[in-house]
Amino acid sequence: MVSTHQSEEDARNEHILIWINGALKPRAEAMVSVYDSGFMLGDGVWEGLRLYNGKWAFLDDHMDRLFEAAKAIDLDIGMTRAAVIAALEDTRRANEMQTDAHARLMVTRGVKMRPFQHPALSRSGPTVAIIMEHSKPSIPRPIRLATVPHLRGLPMTQDPKLNSHSKLNCILACIAAEKAGADEALMLDIHGFVNTTNACNFFIIRKGEVWTSTGDYCMNGITRQKVIDLCRNNDIPVFEKNFSLVETYSADEAFLTGTFGAQTPVGEIDGRVIGTGDLGPLTTRIRALYKDMIDQGTE
């Protein structure tokens, strides 16, 4: 199997320093309590950030989403936006990272007094942790997807737009895909239209047009939006719309978007080869436009 987050092995990651509540700790010593809300209940929010040429890509967008998610779940991060960014930079400098690094910034409701779900039992304040690794993507071939029965649901169950620690639905989808011999799961929405994968946003290309879901039932990823903006700014027809598996199987190209892999080609879905089964010409162009945007430091 191939993971959409597969990276080159890097021995430096054995010696990384991890930021936990203001302290930088060696990997082996970076621990949280078994009473922590994130460990016990998946009660928290997170962001994944990518470092290019000494700069965190789309940092303002990530901070906006983090603080919006925290507000949505009534979680006080206990830090200002500037303090969170300073913690990211302190961790980056401590690990001597300049590029090809990935950060996972996690905020939970903190350590609970007793092992039950009520938020009032979390009296110690939030737990904030930053894991930062050297990670250069190394995906040896296009991704294979399998459609699974697990859906991204309605906002009144668990809003899929929320980047929460509670990822079991997506994990079960990934397991189902792996059992079917695929790398990642293609998930439908509640109406049966193609939606997203368990870890990334999903796009197809048909006759020169780029299609992605309406965004109603998926995480509206930052990289997803950047790709949509790039298409609009470069005269590439792009549509956020409902489409079915029938239209997906006959696509000329397909790719995934995410902070880690940027644009990852899809070669096969449910045993059907997509296009040539390899990285296609329009995906290649979008990749180049995205890389130029990163290199120029523009958003």
Side-chain angles (χ1 to χ4, degrees), residues 1-6 137 139-154 160 169-221 223-228 230-232 236-258 260-290:
M1 300 296 170
V2 171
S3 166
T4 52
H5 294 93
Q6 196 162 313
I139 301 172
R141 58 162 173 76
I143 294 294
R144 297 171 185 151
L145 300 179
T147 309
V148 298
H150 307 80
L151 307 177
R152 292 293 183 100
L154 291 165
N169 184 43
C170 296
I171 292 166
L172 289 173
C174 190
I175 290 169
E178 189 174 35
K179 298 285 189 187
D183 305 311
E184 192 156 308
L186 184 61
M187 303 174 74
L188 308 181
D189 67 22
I190 61 168
H191 304 293
F193 294 114
V194 173
N195 187 10
T196 184
T197 76
N198 58 274
C200 301
N201 289 124
F202 178 73
F203 289 74
I204 63 171
I205 296 169
R206 290 174 56 90
K207 299 179 180 178
E209 296 180 349
V210 177
W211 294 6
T212 193
S213 73
T214 61
D216 292 335
Y217 304 101
C218 69
M219 165 59 65
N220 287 182
T223 309
R224 172 187 185 271
Q225 188 60 52
K226 300 304 176 185
V227 165
I228 292 169
L230 280 172
C231 289
R232 288 174 177 160
I236 300 170
V238 61
F239 301 93
E240 296 173 84
K241 59 179 288 183
N242 289 324
F243 57 94
S244 70
L245 283 171
V246 171
E247 294 161 304
T248 301
Y249 294 150
S250 58
D252 301 313
E253 305 174 42
F255 64 92
L256 311 179
T257 61
F260 179 84
Q263 297 83 37
T264 303
V266 173
E268 184 179 299
I269 302 173
D270 296 335
R272 283 84 161 173
V273 175
I274 304 302
T276 65
D278 211 339
L279 177 67
L282 191 46
T283 306
T284 300
R285 184 184 173 201
I286 291 168
R287 267 187 165 184
L289 290 168
Y290 186 84

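Here, residue 1 is the first one in the sequence, and each next residue gets the next number. Please read all numbers here as calculations on a predicted model, not as lab measurements.
Phe260 has its side chain out of reach of Thr4: every pair of non-hydrogen atoms, C-beta onward, lies at least 4.5 Å apart. Between Arg224 and Phe203 there is a side-chain heavy-atom pair separated by less than 4.5 Å. With contacts defined as side-chain heavy-atom distances shorter than 4.5 Å, the pair His191/Asn242 does not qualify. When side chains are defined from C-beta on, Arg272 does not count as touching Ile269, because their heavy atoms never get closer than 4.5 Å. Within the 4.5 Å cutoff, no side-chain heavy atoms of Gln225 are placed close to those of Asn220. Side-chain contact between Val210 and Ile286 is present, with at least one heavy-atom pair separated by less than 4.5 Å. At least one side-chain heavy atom of Arg287 sits less than 4.5 Å from a side-chain heavy atom of Pro265. Contact check for Gln263 versus Thr223: side-chain heavy atoms found under the 4.5 Å cut-off.
Among residues at least two apart or in separate chains, salt bridge (Lys or Arg N to Asp or Glu O under 4.0 Å) pairs with a member in residues 182-201 are Arg141-Asp183.
Leu145 and Ile143 get closest at one heavy-atom pair: CD2-CG2, 3.7 Å. Contact record, Gln6 with Pro140: NE2-CD, 3.7 Å, taken as the closest heavy-atom pair. For the pair Ala251 and Arg206, the tightest heavy-atom approach, listed with the atom from each and the gap, is CA-CG, 3.9 Å. Scanning all heavy atoms of the two residues, the minimum distance from Ser213 to Cys218 falls at OG-SG, 3.7 Å. Minimum heavy-atom separation, Ala176 to Val148: CB-CG1, 3.7 Å. Across every non-hydrogen atom of Cys174 and Ala185, the tightest pair is N-CB, 4.1 Å.
Atoms CZ and SG, on Phe239 and Cys231 in that order, are 10.5 Å from each other to the nearest 0.5 Å. Between the OG1 atom of Thr264 and the NE2 atom of His5 there is a distance of 8.5 Å, given to the nearest 0.5 Å. Separating the OG1 atom in Thr283 from the CG atom in Leu256 is a distance of 10.0 Å, to the nearest 0.5 Å. Taken from CZ in Phe255 to CD1 in Ile205, the straight-line distance is 5.0 Å, to the nearest 0.5 Å. Within the model, atoms CG of Leu282 and CD of Glu253 stand 5.5 Å from one another, a figure rounded to the nearest 0.5 Å.
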ask   = Are Tyr290 and Leu230 close enough, and set up right, to give a side-chain contact (heavy atoms from CB on, under 4.5 Å), and what steps lead you there?
value = CA-CA 7 Å; Tyr290 186 84; Leu230 280 172; 3.9 Å; yes
task = With side-chain contact (heavy atoms from CB on, under 4.5 Å) as the test, would you mind laying out the steps for Phe193 and Leu245 before giving the verdict?
result = CA-CA 7 Å; Phe193 294 114; Leu245 283 171; over 6 Å; no
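Under the 3.5 Å distance criterion, the side-chain polar atoms of Asn201 are matched with a main-chain donor or acceptor of Gly221. A side-chain donor-acceptor contact under 3.5 Å links Asp252 to the backbone of Lys207. The closest donor-acceptor contact from the side chain of Asn169 to the backbone of Leu151 lies under 3.5 Å.
Partners of Phe243 by side chain to side chain contact (heavy atoms under 4.5 Å, CB included), not counting sequence neighbours, listed by chain and number: Val194, Phe202, Ile204, Trp211, Lys241, Glu247, Thr248. Here His150 pairs with nothing under the ring-ring contact (aromatic ring centres under 6.0 Å, His included) rule; sequence neighbours left out.
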